[in-house]
Amino acid sequence: MLMTSQASAAASVNKGDTAWMLVATAFVVMMTYPGLALFYGGLVRSKNVLSVLMQVTTCFCMIAILWVLFGYSLAFTNGTGAMAPYIGSFSKAFLSGVDVNSQAATFSKETYLPEYVYIIFQMTFACITPALIIGAFAERMKFSAVILFLFIWFCFSYLPMAHMVWWWAGPDAYTLSAANIANVKAAVGDSAAADFLAKLTAAGTDKDQIASVLSSYSDAVNAANGWLFNKGALDFAGGSVVHINAGVAGLVCALMLGKRVGLNKEPMAPHNLVTTLIGTGLLFVGWFGFNAGSALEASGGAAVAFLNTILGTAAAALAWSFGEAVTRKHASLLGAASGAVAGLVAITPACGFVGPMGAIVVGAAAGFICLMAVVLLKPMFGYDDALDVFGVHGIGGMVGSLLTGIFVSTKLGGQGIVNYLAVDTTTSLADYTTSGQLWIQAQDVLTAIILSGVVSFIACLICKYTVGLRVDEQSEREGLDISSHGERAFN
Amino acid sequence: MLMTSQASAAASVNKGDTAWMLVATAFVVMMTYPGLALFYGGLVRSKNVLSVLMQVTTCFCMIAILWVLFGYSLAFTNGTGAMAPYIGSFSKAFLSGVDVNSQAATFSKETYLPEYVYIIFQMTFACITPALIIGAFAERMKFSAVILFLFIWFCFSYLPMAHMVWWWAGPDAYTLSAANIANVKAAVGDSAAADFLAKLTAAGTDKDQIASVLSSYSDAVNAANGWLFNKGALDFAGGSVVHINAGVAGLVCALMLGKRVGLNKEPMAPHNLVTTLIGTGLLFVGWFGFNAGSALEASGGAAVAFLNTILGTAAAALAWSFGEAVTRKHASLLGAASGAVAGLVAITPACGFVGPMGAIVVGAAAGFICLMAVVLLKPMFGYDDALDVFGVHGIGGMVGSLLTGIFVSTKLGGQGIVNYLAVDTTTSLADYTTSGQLWIQAQDVLTAIILSGVVSFIACLICKYTVGLRVDEQSEREGLDISSHGERAFN
Amino acid sequence: MLMTSQASAAASVNKGDTAWMLVATAFVVMMTYPGLALFYGGLVRSKNVLSVLMQVTTCFCMIAILWVLFGYSLAFTNGTGAMAPYIGSFSKAFLSGVDVNSQAATFSKETYLPEYVYIIFQMTFACITPALIIGAFAERMKFSAVILFLFIWFCFSYLPMAHMVWWWAGPDAYTLSAANIANVKAAVGDSAAADFLAKLTAAGTDKDQIASVLSSYSDAVNAANGWLFNKGALDFAGGSVVHINAGVAGLVCALMLGKRVGLNKEPMAPHNLVTTLIGTGLLFVGWFGFNAGSALEASGGAAVAFLNTILGTAAAALAWSFGEAVTRKHASLLGAASGAVAGLVAITPACGFVGPMGAIVVGAAAGFICLMAVVLLKPMFGYDDALDVFGVHGIGGMVGSLLTGIFVSTKLGGQGIVNYLAVDTTTSLADYTTSGQLWIQAQDVLTAIILSGVVSFIACLICKYTVGLRVDEQSEREGLDISSHGERAFN
Amino acid sequence: MKYIIAIIKPFKLEEVRDALGALGVQGITVTEVRGHGRQRGHTEFYRGAEYAVSFVPKVKIEIAVEASQAAKVVEAISAAAKTGQIGDGKVFVLPLDEAYRVRTGEQGVAAL
Amino acid sequence: MKYIIAIIKPFKLEEVRDALGALGVQGITVTEVRGHGRQRGHTEFYRGAEYAVSFVPKVKIEIAVEASQAAKVVEAISAAAKTGQIGDGKVFVLPLDEAYRVRTGEQGVAAL
Amino acid sequence: MKYIIAIIKPFKLEEVRDALGALGVQGITVTEVRGHGRQRGHTEFYRGAEYAVSFVPKVKIEIAVEASQAAKVVEAISAAAKTGQIGDGKVFVLPLDEAYRVRTGEQGVAAL
Ligand SMILES: Nc1ncnc2c1ncn2[C@@H]1O[C@H](COP(=O)(O)OP(=O)(O)O)[C@@H](O)[C@H]1O
Ligand SMILES: Nc1ncnc2c1ncn2[C@@H]1O[C@H](COP(=O)(O)OP(=O)(O)O)[C@@H](O)[C@H]1O
Ligand SMILES: Nc1ncnc2c1ncn2[C@@H]1O[C@H](COP(=O)(O)OP(=O)(O)O)[C@@H](O)[C@H]1O
């Protein structure tokens, strides 16, 4: 989103949008806290439940502070030089220059949000993503290592991913005109702005010349956009930025840490599935803020994202239940809840792009595939991804990201693709082909896998050789609640 | 609500309304999931808690999908021929014809919502209503029978009830003018529209003739309205459609299934009242979306519905507590929570019609009467309505529906009745009499009782002779969590 | 806020504001119910959990009813005579004169809310404040005494405090003009209004005379404002009105009741910290409605209050955790949750006034200071404030109220102070000095301490000599759930 | 004196208590236990993991009685706890040397 | 050796443990149980249903001791657990044939 | 017949059960208990309050066996429950006078 403290005269903030985005932000907070904390907390053994809750709590608090110190700035400002497509700058570190009148662009021309609203909305995304990883290394990682790992991962995997996929100049930046000078300056800098305007004036009424000026202006604006955004990668609310990113980190952590003591020997059944159900419900409700909030407006577009979120979730829960009923004779609540989360994950990148019937297909696919991932992949490769972060978020994110490329097609009831990089952002992209878009989506997915994989691996090594990765066996047996936090959940 | 893809020029969508309705929808989701699931889940024995949660989960997911396949269309489109007042058509099956720009009417002229918003808001009502029934047959019904029963009941009891009580052409449909041609066509069809306009032109300035044309036009519009809507039945947010409907279904199921094994011999105390309290709280909060959302606008009208919801609930909880304190020497938390729910149920049909003092009376009445229903009726007739769906929702809904007819009166501080069937919908109905309105309300109540009773009875028989109604005694003793779902809540 | 049934023509209600405030209200309900109930419920022993939940439930219901009967009127109407700065009148008792079109002023000129919205928003504040006190006397007070105490305290401590700090005529009242006659009349009465307008006309174009008329008019308007509001005390969302007020009441109750049987002999560890975590999470989410809702508009100002709420909470949770890690070797979840609540409390008066960096400082200070208060003060003075109402809410509220006076300064990134008592309310106060404002804040704090202390002491005495304060030892040992409410939480 | 330990199905507790009450036996101590025997448990499934749970919930009753009463008590328990299906449980009789009532200091049979 | 089983009021556990510690008895095993005796339970009420709950929460303590120590242990427990009110509980002494310490394989009195 | 009571570490339960199964012992009753012995507990901290928790979670196993089998059973338990670290637990052998199977009315060794 383009941030401009001096928004153009035409720019307007609608209080309905602001109201919705304030609520959407609160909803995403609720997803993490208490939603995710409870979802994960119920799944571990009772001696470790507080450790999970504490890790989620501390993660949330730490990232929230880091977000205003430098995170927001690195993700959502123009970077400099060759790094611009990959990471922003420190220009808004400490939120400098932002005040109650600052505005942030949305996807619609001349429609803005108070920048503080955009900051808090995106903050909640930054907070939940690292927290997702906690499920993978639950029940055995040192608390100090958790903090250090998440700190490193946030800086080097989350922030670049968010910048690459979501950062762009905003629709009004593409309007080259004297009236829109503030946006033009913000997009390409003061001197270049004057330059382009002069060239435009010079072009007079010569259509070819105008087109050439506008095209080179567009290129200049795009130069600072995120790399994957410019490619046209579709990720409405965070399939790659959030879920694949976190899922892969979880897998790497699980591999680096090794298995929990007693795995496959002692029963490790979830200690309280009612707690997990509460978490599931709050995740579900909060996710409406996450997905429909990503429309950035209180509009029909937000409503369709909302509808698709319900449908994808419902289809995935039913699919997972059906899969279990067929293969295990029983459909379990944990299965349905896992399916629901898998559906939520998969519909995340898709929700604003596909149609309702597409959402049902995406959800059903995610339900089946994630069930298979959890039941088959883990035993096959023998890693101990304690709460299936990779199986549900990693795999679910991939399913969703790829299927978005297919079901976005208007032929399949999708919303079609808008060409945000053109002057007229209301036109949909002419040259959409399913295979072409799939390849773009695949690049998005691969980028997340590689970046998160490498960063996680290095972060684990750093933890290992500084604070140490795992607690000792005696502490693990006693449970992290007592050994790491000095308290017990139930008395 | 009238849906029109091609809304008239004057029609406008306010983002403040959209923001509120998106949130209201999320709130109603939260009522069911996790609210209702937890409320019910805490009340059963620990060996059955997951079965209740799973039934609620599956119900929600199934109905959500059915809603977009055909449910919405059958409830909220014009039906055809003689069935029109009782059920809609399949014209919007698969949400065909709906896109992000489609609009749905509200109760105010020229005020619309994105149709997707209306679809999701009403979807959440459709999802929670069948889920309410689960409390009646808890702890003993086969999972397959639960699914089959709820499917049948949704199609044949919920959808017709929603259509009969809530479906109408919307306020703008009553404006016969060339400028409003889109709405006129949507309401009476293309050729009739042309016909009426021609007649109106022909009438010139002759007042009598104009009145006669307008009156026959109104009749034509009303022809496709719901039967009970046309009668003037008042049900702001679902007293008959939701609560009586579900409550009666619960009673029939309890009678058809028989008592739980060990009832009155073994203790069957709620396994976790804290869980029930969480559910109560989330129901309470979510119900603001349910009730104040039913105003369809972010307005003073929504606020009074909100206020009445708090007051009715508070009065009912205090009344139930007081009743218990007098008759049992102790006021219990379960009593207060039950009273709160009874109050929420009773204020549901009333909340937008009565005044604050009326709301207190409605709530207090519901608190006392539902307490008596639960304590006296059940032992008297000997049915095992496990979680008092009939006693709280059925009886509470009746109390609320009938008292709405009384306290709507402006003399008792009520909001008065608007004549939606007239051209000028801002006028309140001149011929309101308490007894007249009470009789209308009684017809509404009786319709729900008879329809739901008959449909539930037949649905139970179908289940009985196909998949079977009850699990075997051994499975019931072991608990449905393990016998039906292969898992335990607490480890 | 000024309420005027006949708002001036220029006054407008924005549906975006209404949408946000409806949601904010629902959020504050969620804070109390189920948030606070669960937060407290998890901290007591399992034999007392229902008693805490029941006390919170009954408190909420009782106050909600009292609020519409007389509470709102006493807090938010002009009082009469010498008492005017301290308490309102009964003019809106039973909400008489309020209807769906009534409007309430916000902090912005010509920006109104439906009065019902303001009534329900403020109702939720009135409901949660007495409920906070319950933590102090948990596990030993008679249920009848709880009700009686909270009733007295609400009438004589909460209502005056709310009136003194928050009641004012609203910005439009300061505009003396014929066009604005409705507001002028509402503020100073019909005859005085005519009088002032006549004087203004008489003043003609004489600047000095105009200034003198305006100044005496301002004085007349201010005469009915709250005492502390006129002083310029800053309390954005209730540092003194809510938290110090409740915290001091808690301390007095703890002292009057004496210690729980077995304290320091038997273990009294919290029975379920997961329940407490759920409560913490819902408090956190709900608090956004509390704090950002206090902006009364969906605006950048609400967003900065929201952001500051996150930051203050995060900083406090980290500070408390850090303090524990240093002094006890373990950072506990209960510590982090307590820190989070301390941060929420402290940022409450500050959230709309300070900047993001200021919020972090306020939060961190509250985290450390409240930790010390809880660990050191209680053993030092030997009172049994069971759930640390004084340590967290009392002390946290003082820290926040005082630091608000410092960090409001624009030099420290704060928002600066607006002079609401001037005709032009957009100007910020010229004569702000840190020491001056600190002294104003101190007066605010001291008023809350003295008022609440005295009222609580007298209320306890009244309870003692009527219904009795404490249950007998046998009942306390058995647990209040069974002895006072006849039920058990877990079966 | 004898110390009788019985393992029974949980839902039979109330009936057993009533049967003992009828015999005049008032003092009973009850513990929730899990049993393993001929009665098979069940299989539980949590996402990828399948557990065969071989323990079944049972209730353990302990009663100290006069030696002469032991036979009658055993019989009463057996009769009341019986469903005829596998897993009905066991009754064990152990020798008891001494018994004391804390409140009064009574000893032996008087303390039961 | 003797196997002592005591049923006491839950809030007396810490005091009893201290009393035993003072005697040099370290090994104790504690179980949460429910007791039925002279002490009456209470009535619970859940919506329409009323239950007379006749069981009261108690704590069961088990201690294996040298036969010679038994009397002192019983006395210590009795003294510490006494409130003088109904429901104070019982102490039972059973014969113990053999005792083993798992860690060391020690046997008999040495294993206690 | 003998009544064997063993206190072991919770995570050793499955191994002990398997070891007993190998011996042909099927009937076991298991209780969750808390133990106090040489193994030290831990300190817990809740806001202002610090508690030294001296009890450690343990599992109690009860098995009624033919007297002749007792030694083998004790040995099997000891072997399976051993970690060599403090807190491994104890095995106690009590005399058992009589045993009955509720379902069939069988008595004595046949009832085990
Ligand atoms: N030898 C034994 N020692 C201790 N407890 C036993 C023994 N045999 C059985 N039990 C207990 O009795 C319960 C019932 O035994 P089981 O063999 O399942 O049924 P049945 O007695 O009907 O053959 C078991 O679950 C276990 O708790
Ligand atoms: N004969 C008995 N066998 C086993 N347990 C007993 C027996 N008598 C009493 N108890 C236990 O001792 C507890 C206290 O006994 P009770 O009769 O209530 O009080 P008191 O010992 O003061 O008369 C009971 O709740 C029960 O758990
Ligand atoms: N004399 C005893 N009577 C009853 N239980 C005992 C006795 N001694 C030990 N225990 C139980 O055995 C457990 C292990 O004993 P402990 O002294 O901690 O370890 P170790 O046996 O390895 O020396 C204790 O926690 C307690 O439950």
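Sequence lines set the chain letters: A, B, ... in the order given, protein chains first and strands last, and positions in each chain run from 1. Computed from a predicted model, the values in this text were never measured in an experiment.
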**Message:** Heavy-atom cut-off 4.5 Å, strictly under: side chain, backbone, both or neither for D:Val56 against chain B?
**Reply:** neither

**Prompt:** Do any of residues 259-274 of chain B have a heavy atom less than 4.5 Å from a heavy atom of chain D, and if so, which, in residue order?
**Reply:** B:Lys265, B:Glu266, B:Pro267

**Asked** If we only count heavy atoms from C-beta on, is the D:Tyr46 to B:Arg488 side-chain gap below 4.5 Å?
**Response** yes

**Message:** Just verifying a value: how many Å separate B:Glu487 CD and D:Thr43 OG1, rounded to the nearest 0.5 Å?
**Reply:** 13.5 Å

**Prompt:** So which of D:His42, D:Lys12, D:Glu50, D:Gln85 has the largest heavy-atom pair count under 4.5 angstrom toward chain B?
**Reply:** D:His42

**Asked** Is atom CD of D:Glu14 surrounded by more than 12 heavy atoms (other residues, nucleotides or ligands) closer than 6.0 Å?
**Response** yes

**Asked** For B:Phe457, does the CZ atom sit with more than 12 other heavy atoms under 6.0 Å from it, leaving out its own atoms?
**Response** no

**Asked** Can you find a heavy atom in the side chain of B:Asn491 that is under 4.5 Å from one in the side chain of D:Glu44?
**Response** yes

